[in-house]
Amino acid sequence: MPSLKSNLVKRIDRLPKPANAADAMQPLFEAVSNSIHSTQDRFKDKVATGGKIIVTLTMEGRQAPERIIVEDNGVGLDGKNYDAFTTTDTDNKIARGGKGVGRLLWLDCFEEISVKSTSFEDGTEKQRSFRFVLSQSDQIQDYEESEVEAAQANTGVMIEFGALRDNGYRAKFPGRAAYVFQHFTSHFLPTFIGKRSPTITVHCGDETRHYPEEINSIIHRRETIENIPTEEYGPLTLTLMECDKVASSDLQGSHFVHFIAHDRTVHSQKIDGKLGLKYFGANEDRVFHAVLTGKFLDDNVNQERTKFQFEDAVLERIVNDVCAPHIEKFLAGPLQTLRQDQRTRVKAITESYPSVAFGDVDELQEKLPSGELNDDAIFGHLSRERYRRDQRQAEKIRAVLERLKEPTVDVDAFANAIEAAGKAIEEAEQKSLTEYIVRRKVVLDFIEILLEKVRDDTRDSSYQREDILHSFICPMRVNTLADGSQKVVAAASHDLWIIDERLTFAQYFSSDEEFHNLSDAVASEERPDVLIFDHVHGLRQTEDPSRVLLVEFKRPGRTSYSADENPQHQVERYVRRLLEGGKLDVKGRPIKLKEDTVFYCFIVADIVGKMDDWTYSWDRTADGRGRFYQPRSGFKGSIELISWDTLLSDARERNQAFFDRAGISGKSFFIEAQETAHQRLRAEDKAATNMDPSVGATAV
């Protein structure tokens with residue numbers, strides 16, 4: 001009866017093509033693996049001293065190799081191995097992970113392949129040679145075989161590969177010796193660190209490496225944990241290594257866990273983020289590598305031994321659940337230093353954001369990955385834990401409320417339940433309030449430094465303009481509409497409390513926009529920096545507002561103004577236009593004012609130069625630092641002139657009780673950061689001076 005015909009050419013054409021250098025070197029790795037197995041079969045436990053493999057790559061510049069030769073002194077292609085060679089998908093080496101496809105990868109990778117073998121069979125030295133070609137039939141060509149009587153043959157195989165195919169292999173195969181050695185080292189690392197590795201000499205161009213000697217020279221500390229019991233993955237063996245940083249010089253990262261199947265590296269998992277280390281050791285020149293092996297990995301690798309047949313998430317779980325505890329113990333020293341750094345970051349974050357400080361620093365660190373030093377990530381972890389705790393707390397409160405509904409509840413139980421619920425709520429609210437207070441402190445510190453910067457620099461640059469300061473206090477957003485016009489959109493929050501606490505919850509405002517963007521019937525160059533319509537108590541906008549607040553900022557240190565910038569005249573013009581009616585607010589709604597609407601107007605500016613002259617006759621405020629004007633006619637209300645220094649000091653005085661209650665020092669966060677930065681720069685300069693005698697001492 002007819003049987004199915006195989007199409008070897010089509011099958012090889014469908015093999016996965018290399019996506020990177022490691023993939024492109026896989027056919028070479030297959031040949032070297034065969035040689036390793038062959039020497040192990042011949043020399044058994046003495047393979048480390050008896051087994052020899054020589055790999056020679058002939059390089060041309062920095063291009064892929066022109067020719068590769070792999071030689072060994074293993075058992076050679078005896079009758080059994082030759083039969084396996086000429087049979088696809090053989091199970092000859094299935095016990096050690098052989099899938100019978102290595103030779104197919106050779107055909108996919110190389111245009112020329114020749115094999116010479118010497119084996120010892122029944123007291124006879126048998127030599128075989130042939131060419132191995134990609135074709136639908138007759139893949140073994142120019143076959144020659146001879147026999148010689150011998151007591152013991154010098155057995156082995158020599159395979160010569162030539163001309164990489166232009167199907168991805170030529171483009172992806174590394175052309176630099178450093179990359180060849182790096183991938184060679186990584187791929188055979190589990191073999192090299194064991195006791196059953198033959199001596200392998202690799203010649204790449206003009207450079208030579210000897211393995212496993214090359215590996216031992218870069219491993220400074222090694223520890224192996226045999227048969228780690230796991231419920232899901234069976235027993236696993238983990239080898240931990242502290243290596244010289246050159247071990248990772250050509251890898252995209254520093255620290256790795258290598259997953260091994262049948263003595264071959266299938267996947268290397270970077271764990272830099274988990275450890276939080278770049279380098280470690282006394283000279284900051286060490287990296288960490290681990291090798292993981294086990295039957296579970298051997299049983300779940302694809303036939304090319306390039307990928308596992310389970311989801312990548314399994315690799316992550318194995319690293320976290322199986323490897324991490326042993327890694328942390330192995331790297332206890334450098335991780336302790338790292339943990340102290342993390343502790344410092346946690347303290348800084350919780351000082352600025354007390355709402356995530358749900359416990360002491362030790363408790364908070366327990367919720368973080370051991371090597372996490374990214375501030376954003378730390379805050380994210382703590383926020384999630386805070387959310388989970390709040391949910392648990394809410395469940396407790398709901399349980400308390402349910403108990404209170406029971407008819408049998410007594411007075412003591414009622415009081416205890418109320419106290420427990422109140423304590424839970426109070427703790428959360430106090431942390432949120434503390435965070436808000438910290439934010440106020442940061443805002444004031446920022447403005448203090450910005451004021452100094454603006455006053456000291458006389459250049460005509462953008463940060464000199466008054467909008468830098470008042471845009472920080474009053475952020476806003478401008479949306480461009482479909483017709484190209486712009487519309488002012490009030491921001492969700494602002495810091496007008498700096499001027500007056502009554503402005504804390506004002507809802508609608510805009511900053512540094514043309515006046516007609518706030519009330520679009522007015523085409524004017526004059527710009528009120530803040531325009532807010534709100535109710536006298538809630539400061540919320542109403543259809544018939546009885547109170548309007550106007551605030552205008554002037555650049556700190558400014559002394560000269562044009563004639564039409566008299567603050568009294570500016571405010572009067574603004575008020576008059578609003579009272580005339582027909583204007584729209586920032587949301588496009590009509591502005592309706594009563595004749596008796598009261599206007600509270602604030603001008604924030606340094607009282608010097610023209611500003612001092614214009615307001616000299618105004619009344620002085622109670623503390624004598626500001627000036628006050630109340631018109632006798634025209635509109636009801638007042639204009640208050642506040643200097644920048646007074647604005648800042650008054651805001652600090654109003655909030656000092658909060659700062660004291662929250663345990664916040666009076667020293668600026670930003671000033672502390674600046675001093676720390678200056679100290680670091682001075683230390684670096686001093687170190688540089690000490691290192692280079694040609695550098696003279698320079699005052700910083």
Side-chain angles (χ1 to χ4, degrees), residues 27-57 67-88 90-107 110 112-133 139-162 184 188 191-192 194-203 208 210-213 262-264:
L28 171 59
F29 295 156
E30 293 287 344
V32 175
S33 292
N34 289 340
S35 292
I36 291 173
H37 294 154
S38 182
T39 56
Q40 289 172 342
D41 288 343
R42 178 181 178 184
F43 295 100
K44 305 297 189 286
D45 293 339
K46 297 181 180 179
V47 65
T49 56
K52 308 292 181 185
I53 299 174
I54 299 175
V55 181
T56 304
L57 296 90
R67 193 157 298 276
I68 301 175
I69 299 175
V70 179
E71 305 173 73
D72 67 64
N73 64 346
V75 295
L77 283 177
D78 56 19
K80 179 182 177 182
N81 288 334
Y82 179 72
D83 288 342
F85 187 95
T86 57
T87 304
T88 60
T90 177
D91 59 1
N92 184 45
K93 295 195 295 181
I94 194 168
R96 52 175 42 145
K99 309 291 185 178
V101 298
R103 302 171 315 291
L104 305 187
L105 291 178
W106 296 356
L107 293 173
F110 300 103
E112 301 172 7
I113 305 170
S114 63
V115 179
K116 294 181 180 180
S117 167
T118 301
S119 60
F120 187 72
E121 305 174 43
D122 300 325
T124 301
E125 180 184 280
K126 182 167 289 190
Q127 296 179 341
R128 293 181 175 90
S129 65
F130 56 87
R131 290 191 304 113
F132 190 36
V133 299
Q139 292 87 15
I140 305 298
Q141 297 185 3
D142 300 335
Y143 180 82
E144 294 182 2
E145 180 180 315
S146 62
E147 295 184 4
V148 179
E149 292 289 340
Q152 178 65 53
N154 293 318
T155 60
V157 171
M158 182 179 77
I159 306 172
E160 186 171 353
F161 302 103
F184 195 89
F188 292 106
T191 301
F192 294 151
K195 297 180 180 180
R196 300 191 68 240
S197 172
T199 299
I200 303 177
T201 301
V202 181
H203 304 287
T208 299
H210 301 282
Y211 298 92
E213 178 185 344
H262 299 297
D263 290 337
R264 305 189 188 184

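Quick caveat, the model's predicted, so the values are computed rather than measured.
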Indicate whether any N or O donor in one side chain lies under 3.5 Å from an N or O acceptor in the other, for H203 and T208.
-> yes

Are a donor atom and an acceptor atom from the side chains of E145 and Y143 found within less than 3.5 Å of each other?
-> yes

Sidechain-backbone polar pair: S38 side chain, V75 backbone, donor-acceptor under 3.5 Å | yes

Report yes or no: is the cationic atom of R103 (NZ for Lys, CZ for Arg) closer than 6.0 Å to the six-membered ring centre of F132, at no more than 45° off its axis?
-> no

Kindly compute the distance separating CD (Q40) from CG (D72), expressed to the nearest 0.5 Å.
-> 11.5 Å

Do you know which two heavy atoms are closest between L105 and P27, and how far apart they sit?
-> O-CG, 3.7 Å

Any idea how F188 and F29 line up, ring-wise: parallel (<30°), tilted (30 to 60°), or perpendicular (>60°)?
-> perpendicular

Between F192 and S197, what is the shortest heavy-atom contact and its length?
-> CD2-OG, 3.6 Å

Donor-acceptor pair between Y82 and R128 side chains, under 3.5 angstrom | no

K52 atom NZ: more than 12 heavy-atom contacts under 6.0 Å | yes

Is there a side-chain contact between T201 and V55 (heavy atoms, below 4.5 Å)?
-> no

Can you establish whether the number of heavy atoms outside D142 located under 6.0 Å from its atom CG is more than 12?
-> yes

Looking only at side chains, do Q127 and E125 share a donor and an acceptor under 3.5 Å apart?
-> yes

Can you tell me how far OG of S129 sits from CE of M158, rounded to the nearest 0.5 angstrom?
-> 9.5 Å

Is any side-chain heavy atom of V70 closer than 4.5 Å to a side-chain heavy atom of L28?
-> yes

Exam field: side chain R67 to backbone E160, donor-acceptor pair closer than 3.5 Å = no

CD1 of I200 to CD1 of I54, rounded to nearest 0.5 Å, is 11.0 Å

Interatomic spacing from CH2 in W106 to CG in N34 - rounded to 0.5 Å = 5.5 Å

Rounded to the nearest 0.5 Å, how far does CZ of R131 lie from CD of Q141?
-> 5.0 Å

Where the side chain of D122 meets the backbone of T124, is there a donor-acceptor pair that is under 3.5 Å apart?
-> no

Output yes when a side-chain donor or acceptor of T118 lies under 3.5 Å from a complementary backbone atom of T155, and no otherwise.
-> no

Value rounded to 0.5 Å, distance of OG1 in T39 from CG in N73 | 7.0 Å

Polar side chain donor-acceptor pair, S119 to D78, under 3.5 angstrom = no

Of all heavy-atom pairs between T199 and A48, which one has the smallest distance, and what is that distance?
-> OG1-O, 3.7 Å

